Amino acid sequence: MSTRMQTPTQPAATELARPPEAGRKRRAVRLPEQTLARNVLITAVLALILFALSENFDPFTNLRLATVAYYFTALAGLTVLTGLNGQISLGHGALMAVGAYSTAILVGRSGLPLAAALAASAAITALVGVAVGAAASRLRGPYLAGATLAFAIGLPGLADKYPSAFGGENGLTVSPPTPPTSLGANFPLERWQAWISCACALIVFLVLANLLRSGVGRSFRAVRDDEVAAQLAGLNVARVQVLAFVVSSACAGLAGGALVVTTQLAAPGAFQLSLSLALLTGIVLGGLGSLTGALWGALALVYLPQWSDDIAHDFSLSTNVQSNLPLALYGIVLIVVIVAAPQGIQGALHGIVRRSRARLRKNPATQEGA
Amino acid sequence: MMKTRSRAMLGVASCLTAAALVASGCGSGGGSSTSPGITKTSVLIGSHQPLTGPAAPGYSEIAPAAKAFFQYVNAQGGVNGRKINLIYKDDGYNPTNTVTVVKQLVLQNKVFAIWGGLGTPTHTKVVDFLNSEKVPDLFVSSGCPCWDDGTKHPYTFGWQPNYTIEGKILGQYIKNNFAGKKVGVFYQDDDFGQGGLAGLKQQLGSQIVVAKPYQPTVTNVAPQITAIQKAGAQVLVDFTIPAFTALERLTSFKLGYKPQLAVSNVGIDPTTVGGLLKAFSKGKANTALIEGAITDAYLPSPTDTSNSWIQLFKKIHDQYDAKAPFDGNVEYGMASAYTFAQALKNAGKNPSRQDLVDAVEKGGFTGPGLVPFRYTKTQHGGFGGGQIATIKNGQIVTQGQPMVTDPGGGAITVSNMKQAQVGDNGVVKP
C-alpha cells in the first residue's frame with residue numbers, strides 16, 4: 001500500500017491536500033507536519049491512553065472497551081467507503097461474518113497463532129471484498145444498496161446450509177485467547193481481549209489516517225465528488241471504487257476477527273441484517289467520512305442499547321416495550337442527529353470548535369471540509 | 001487544547017473525552033463479602049431468557065413466573081431470612097447475545113448465581129465462562145445431556161429430564177405400542193434435538209426410517225416434512241420448540257400427512273402450541289391439531305387442580321403474575337424456582353457459592369416433580385425420567401406410571417417415589 005500512497009495522482013476533486021501550515025505560529029502544541037510521523041504520534045498517544053484505561057477498568061468495562069474497539073474497526077472502514085468514496089454498503093455485517101468465521105476456523109481448527117489468524121482473516125475478507133466491490137462498482141445508488149443488502153441477508157444463511165463446516169445456528173466456539181505468561185499468572189482475560197481488539201482498532205486507524213491523506217485518499221474523494229471529472233483527470237473510476245471496497249472489507253474482516261476474540265463465538269445470530277444497519281447508523285451518527293466520527297459511532301452502538309435497557313428497567317416497562325426500545329431509541333437519535341447536526345456528532349463538535357475559535361479571534365476561520 | 005486548529009488534535013481531544021466518558025461508566029463496585037451477590041438480607045441471582053425471538057412464545061413466561069414465585073417466598077420472609085432478587089435479561093435465543101448478557105450479569109451486576117438460563121444453543125456458549133468464574137449455574141432450562149457432567153462442569157446443573165432420557169422413555173412407549181410401524185423424527189439441529197434422537201435410536205433402532213433436522217431460524221419446514229412423509233413414517237416424533245411444533249403441525253396438515261404424533265415435553269404445552277397454531281394460521285387452527293399426541297411429563301398437569309402444587313402455583317400466579325396464562329411454562333418457572341429456593345435453604349445460614357453447589361450435589365430434593373432428581377457429585381442432570389401422557393381435549397393427561405432411567409444404556413424402570421406435598425420441605429408455606 002505504501003507504494004500506492006506515494007503514487008502521484010492528479011486530484012480533480014474539491015478537497016485537495018491541506019494547504020501548507022503557514023501562518024499558524026501561535027499554536028502552542030505542534031504536531032509533526034509529515035503525515036506519517038503525525039499519525040504515528042497520535043496512534044502512540046491513543047495506545048497509551050487505552051493502555052491506562054484498560055489497566056483501571058473492571059473486567060466488564062474492559063469487555064465493553066473491546067466491543068467499542070471492534071465496532072470502531074468496522075465503522076472506520078465503512079466510513080471510508082461511504083463517506084469518502086460515496087459507495088453505500090448494507091453488507092458490512094456479512095463482511096464481518098467472513099472475518100469472524102475465518103478467525104474461528106483458523107484459530108479453532110488449524111491452530112494458527114491469533115495474530116496470524118487475524119491478519120489472514122482481514123486478507124480473506126479483502127478477497128471477498130474484491131468480488132463484492134467489482135459488482136458494486138457497476139451499480140449506483142439504490143441498486144448498490146440492494147445488492148449489498150442481498151449479500152447481508154444471504155451470506156449468514158451459508159452457516160445453516162453447511163452445518164458441518166460452520167456449525168449451523170449453533171456457530172463455532174473458540175476457546176478464549178490466553179494472555180502471555182510474561183504478563184503474570186493473574187492477568188485478567190478481559191483486559192487481554194481489550195488489548196487485542198484495541199490493537200486492531202489502532203492499526204486500522206493508523207493505516208486509514210495515512211491513506212486518507214495520500215493520493216489514494218484523494219482519488220477516493222475525487223470519485224465520490226464527480227465521477228466524470230475524476231475520469232477526465234485520468235483516474236480509473238471502477239478500479240478506485242473496487243480498491244475502496246477492498247480496504248473497507250479488510251477492516252470489516254479484522255473487526256469480525258476481534259469480535260470472535262471478544263465473544264469467543266462466531267454464530268449467524270451475530271451477523272443478522274440488523275448489524276449491517278447498525279453499522280450504517282453508526283457512521284451517520286458519528287459523522288460520515290471522519291475517523292473520529294467512527295469512534296463516536298462505535299460508542300453510540302455500544303452504549304445506546306445499554307442506556308435504553310437501563311431506562312426500560314428504571315421505569316419497569318413491559319417486556320414488549322423493553323425489547324423494542326433500543327431500536328426506537330436508535331431511530332429517535334438518528335432523526336435528532338440528522339435534523340440538528342446533519343454532519344453527525346463529529347461535524348457538530350467541529351462546528352462548535354470552529355465557532356468558538358472564530359469568536360475568540362473575531363476572525364472567521366478558513367473553511368474546512370467535514 | 002481545543003484552540004488548536006489541527007483536525008488531528010481535535011481527534012485526539014475527542015478520543016480523550018470519549019475515554020473519560022467510558023471511564024465514568026465504571027465505578028460501581030459495591031460492598032464485597034465472601035461471595036458476590038449475597039448479603040445478610042438478600043441474594044441476587046440472574047438469568048438469560050428468550051423474551052423475544054423464535055423461542056419467545058411460551059418460554060418468555062418462565063422467568064416472570066419464577067420471579068412471582070420468589071416474590072411469594074420473599075413475602076413469607078425469604079429463605080434463611082434472605083430475599084431472593086432475580087434479574088433476567090433478554091437474549092432473543094441468540095447465542096451471541098447470551099454471551100453478552102451473562103458476562104454483564106456476572107461481571108457487572110455481580111450475581112451470586114445464575115438460575116434457569118434458557119436454551120441449549122444459547123447456554124452452551126456460557127458454560128465454560130460460568131465455570132471458570134466459579135458461578136453456580138443452577139437448573140439450566142434445557143435438557144441437553146451436556147449439563148450432566150460434574151467433572152467437566154462442576155458448577156453447572158440441569159433440571160428438567162435430560163433429552164436422551166426423554167427420548168428413551170418416548171422410544172420405549174412407541175416400541176411397545178406401535179410395534180412394526182415406521183418412525184420418523186423431526187428434530188432441532190443442536191444438542192437438544194440430537195440428544196433426543198440418540199435416546200429414540202437406543203430404543204427404536206431401525207424402526208426409525210427417517211430423521212430430518214431444522215435450524216431454529218427458518219420459517220419453512222415443508223422440505224423436511226415432505227421427506228418424512230415420503231419415507232412413509234407412520235409415527236412422527238418431534239423434538240422441537242413450541243413454534244416448530246406448530247409449524248410442523250400446519251405443514252403436515254397442508255400436505256395431508258396424518259401420522260401418530262409424539263412430541264418432546266418441551267414442545268407440547270397445549271396453551272402455547274394452541275396459541276401459536278392460531279396465530280400462524282390467522283385463527284383457522286387450534287389445539288385440535290395436537291389432539292391425541294403422545295408426550296411425557298415430569299410435573300403434574302397444570303389443569304390438575306386437585307394437586308397441592310398446582311393449587312399453590314395458581315395462587316401465586318393470580319397474585320403476582322396474573323397477566324400470563326396459567327400454563328405449563330408458568331408451572332415450569334415456579335417449579336424450577338422452588339428447587340432453587342430449596343437448594344439455597346439447604347446451603348446453610350451463610351452460604352458461599354461453593355456451599356450452594358455442594359447442597360445440590362448432596363441431593364435429596366423433593367417437590368412438584370413426578371420423578372426423583374439424579375443429583376450426585378458427578379451426575380448433574382436433573383429429573384431422572386418422566387411419565388407418558390397424551391393430549392386429551394387440549395390438556396396433558398398422564399397415564400401409566402412414572403418411569404426412571406439414565407442417559408446411558410441403563411434399563412427403564414418404574415419410579416417408586418411418592419410426590420411431596422407443599423410445605424413438606426419448609427421452603428414455602430401453602
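Basis for what follows: all heavy atoms, side chains included, without hydrogens, waters or symmetry-related copies. From a predicted model like this one, the values you see are computed outputs, not experimental measurements. A note on names: the letters A, B, ... follow the listed sequences, proteins ahead of strands, and every chain is numbered from 1.
If you measure heavy-atom distances from T122(B) to chain A, you find no contacts under 4.5 Å at all. For chain A, the nearby part of Q215(B) is the side chain; its heavy atoms alone come within less than 4.5 Å. For chain B, the nearby part of T173(A) is the side chain; its heavy atoms alone come within less than 4.5 Å. Neither the backbone nor the side chain of T67(A) has a heavy atom closer than 4.5 Å to any heavy atom of chain B. Looking at Y93(B), there are no atoms closer than 4.5 Å to chain A (heavy atoms on both sides), in backbone or side chain. Both the backbone and the side chain of K103(B) have a heavy atom closer than 4.5 Å to some heavy atom of chain A. With a threshold of 4.5 angstrom between heavy atoms, E133(B) approaches chain A through side-chain atoms but not through N, CA, C or O.
In this structure, R64(A) forms no cation-pi arrangement with F57(A), as its terminal cationic atom is not both closer than 6.0 Å to the ring centre and no more than 45° off the ring axis. The cationic group of K67(B) does not satisfy the cation-pi geometry with Y320(B), failing either the under 6.0 Å distance to the six-membered ring centre or the 45° limit from the ring axis.
The aromatic rings of Y163(B) and F239(B) sit perpendicular to each other, their planes meeting at more than 60°, with 30° as the lower class boundary. Taking the six-membered ring for Trp and thresholds of 30 and 60 degrees, F166(A) and Y162(A) have ring planes more than 60 degrees apart, a perpendicular arrangement.
A salt bridge links E55(A) and R191(A); the closest N-O separation between the charged side-chain nitrogens and carboxylate oxygens is under 4.0 Å.
Distance check: S47(B) OG to D90(B) CG gives 11.0 Å after rounding to the nearest 0.5 Å.
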